[in-house]
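Here is the structure we will look at, set down as structure tokens.
For the numbers below, each heavy atom of this structure counts, side chains included, while hydrogens, waters and symmetry mates do not.
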Amino acid sequence: VFVDIGANHGVYAVEAATRCRKVVAVEPSAKTAGLLRASLARNGCANATVHQVALGGADGTARLSTGASPELAELTDGAGPGEEVSVRTLGAFEQDVGGMSFVKLDAEGSEEAILRAAAGLFRREAPVVMFELKHRAAVNTPLIETFRAIGFASYRLCFGLDLLVPFHPAEHTDPFLLNLFALTDDRAQELERRGLLARSPVKQPPQADDDALRRWVAQRPLLAGLDRERALEPTVAMRHLVAAHDRDLPGAARLAAALAARRHAREAASLGPEHALTLSRAHLDLGYPVAAREALAPLERAPSQRPDAL
């Protein structure tokens, strides 16, 4: 069961309906809820239910402000453009959301209230919860702490590896990181067994063998072009990078390989374009697209060394 809190026009709900047994979508705005129902109907999502209501910490009514985008609508006590909406706790829909395994929680500031009011339900169902890292311009530390208080740890996605890793607020955060994922320990263990999560890297990062490395290079035009021109010598960083993409390895081994690839490529990045490309890919795999872009800067400053000029 997929629960979409703040479903908007249904970008997530429509996709989830093709993959899940049941979708429960919650959207308070009358106009947006109408468009959401139309989106679901047009896409044949008969397994999706829409509740036109706001979720909060207690039943009642509130004013939903409307701005330039329906994505930014939020509950408010102030005046201005908006509409009166009913507010319910998630527990009011307990039978409907029973069995929920994934929750998208995007309620523009009401997340903490929703979570506190339904803490028992979240503990019992133990879904994976995706929520926004920031509220407005600031990291949503209070929400992260609220999750922690009810037994959910926060993870971020290394999207190049399709791997969840622990989120540490003190670490550097890429500007493009939008969402975090909250999981109970039992759910984290389950995903770790499935190779989808790594709580820590193994001590000995794996390396790919020559055959795997050759296949990797052949499937990537830039590296294949370099190989034809220069007969690339396999590097330790490349071997680690290829191993990081071996889905037969445990997540902890793949994470260790990606970290080792980044470390070795960073040490050799000035030695040639293949090292810069490896460093860029390692950054991207670990969820740092800005650093990945910056790793390619030496190639832009020296056009004669760009792979497409070789």
Side-chain angles (χ1 to χ4, degrees), residues 1-17 20 22-43 45-122 125 127-138 140 142-143 146-147 178-180 182:
V1 177
F2 179 94
V3 179
D4 191 350
I5 300 173
N8 202 258
H9 294 161
V11 171
Y12 286 92
V14 169
E15 178 64 23
C20 302
K22 179 180 179 181
V23 172
V24 179
V26 181
E27 172 53 50
S29 166
K31 180 179 179 180
T32 305
L35 293 171
L36 170 61
R37 291 189 179 96
S39 295
L40 293 167
R42 176 163 293 190
N43 286 278
C45 302
N47 58 336
T49 300
V50 176
H51 295 289
Q52 185 186 320
V53 64
L55 292 184
D59 292 349
T61 60
R63 185 164 185 79
L64 181 73
S65 69
T66 55
S69 169
E71 294 180 352
L72 302 178
E74 60 183 346
L75 298 182
T76 179
D77 295 328
E83 61 183 292
E84 293 296 314
V85 297
S86 296
V87 181
R88 305 292 298 278
T89 65
L90 184 61
F93 304 99
E94 186 168 353
Q95 288 190 333
D96 204 14
V97 302
M100 61 184 184
S101 58
F102 195 103
V103 176
K104 191 208 87 184
L105 179 58
D106 182 7
E108 296 300 324
S110 296
E111 292 89 351
E112 287 179 68
I114 293 169
L115 193 57
R116 289 195 186 99
L121 179 60
F122 276 93
E125 299 289 348
V128 176
V129 184
M130 185 178 77
F131 64 98
E132 290 186 322
L133 169 63
K134 295 182 178 181
H135 178 52
R136 298 192 175 96
N140 203 341
L143 180 56
T146 301
F147 271 116
L178 299 179
N179 298 304
L180 296 180

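In this structure, SG in Cys45 is found 14.0 Å from CZ in Arg37, a value given to the nearest 0.5 Å. Between the CD atom in Glu112 and the OG1 atom in Thr146 there is a gap of 4.0 Å [rounded to 0.5 Å]. Once rounded to the nearest 0.5 Å, the distance linking NZ of Lys134 with CG of Leu180 reads 11.0 Å. To the nearest 0.5 Å, the span separating CG on Leu133 from CG on Leu143 amounts to 10.0 Å. Atom NZ of residue Lys104 and atom CG of residue Asn8 lie 7.0 Å apart, to the nearest 0.5 angstrom. Atom OG of residue Ser101 and atom CD of residue Glu125 lie 9.5 Å apart, to the nearest 0.5 angstrom.
By the 4.5 Å heavy-atom criterion applied to side chains, Val85 and Val53 are not counted as neighbours. Leu55 has its side chain within reach of Phe93: a pair of non-hydrogen atoms, C-beta onward, lies under 4.5 Å apart. Side-chain contact between Leu121 and Val97 is present, with heavy atoms from C-beta onward closer than 4.5 Å.
Looking at every heavy atom in both residues, Ile114 comes nearest to Ala107 through CD1-CB, 3.7 Å. The two atoms that bring Ala7 and Leu36 nearest to each other are CB-CD2, 3.7 Å, heavy atoms only. Nearest heavy atoms, Gly57 versus Ala117: O-CB, 3.6 Å.
The list of ring-ring contact (aromatic ring centres under 6.0 Å, His included) pairs with a residue in residues 102-122, not counting sequence neighbours, reads Phe2-Phe102.
For Asp59 (side chain) and Thr89 (main-chain N/O), a donor-acceptor pair under 3.5 Å exists by modelled atom type.
Of the listed residues (Glu132, Glu111, Met130), just one forms a side chain to side chain contact (heavy atoms under 4.5 Å, CB included) with Leu105, and that residue is Glu111. A side chain to side chain contact (heavy atoms under 4.5 Å, CB included) with Val3 holds for exactly one of Val129, Val23, Val103; it is Val103.
In this structure Phe131 satisfies the ring-ring contact (aromatic ring centres under 6.0 Å, His included) test together with Phe147, sequence neighbours excluded. Among residues two or more places apart in sequence or in another chain, the side chain to side chain donor-acceptor pair (under 3.5 Å) test is passed with Asp96 by Lys22, His51.
Open room surrounds OH on Tyr12; 12 or fewer heavy atoms of other groups in view lie less than 6.0 Å from it.
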**Request:** Show your working on side chain to side chain contact (heavy atoms under 4.5 Å, CB included) between Thr61 and Val87 and close with a plain yes or no.
**Result:** CA-CA 5 Å; Thr61 60; Val87 181; 5.6 Å; no
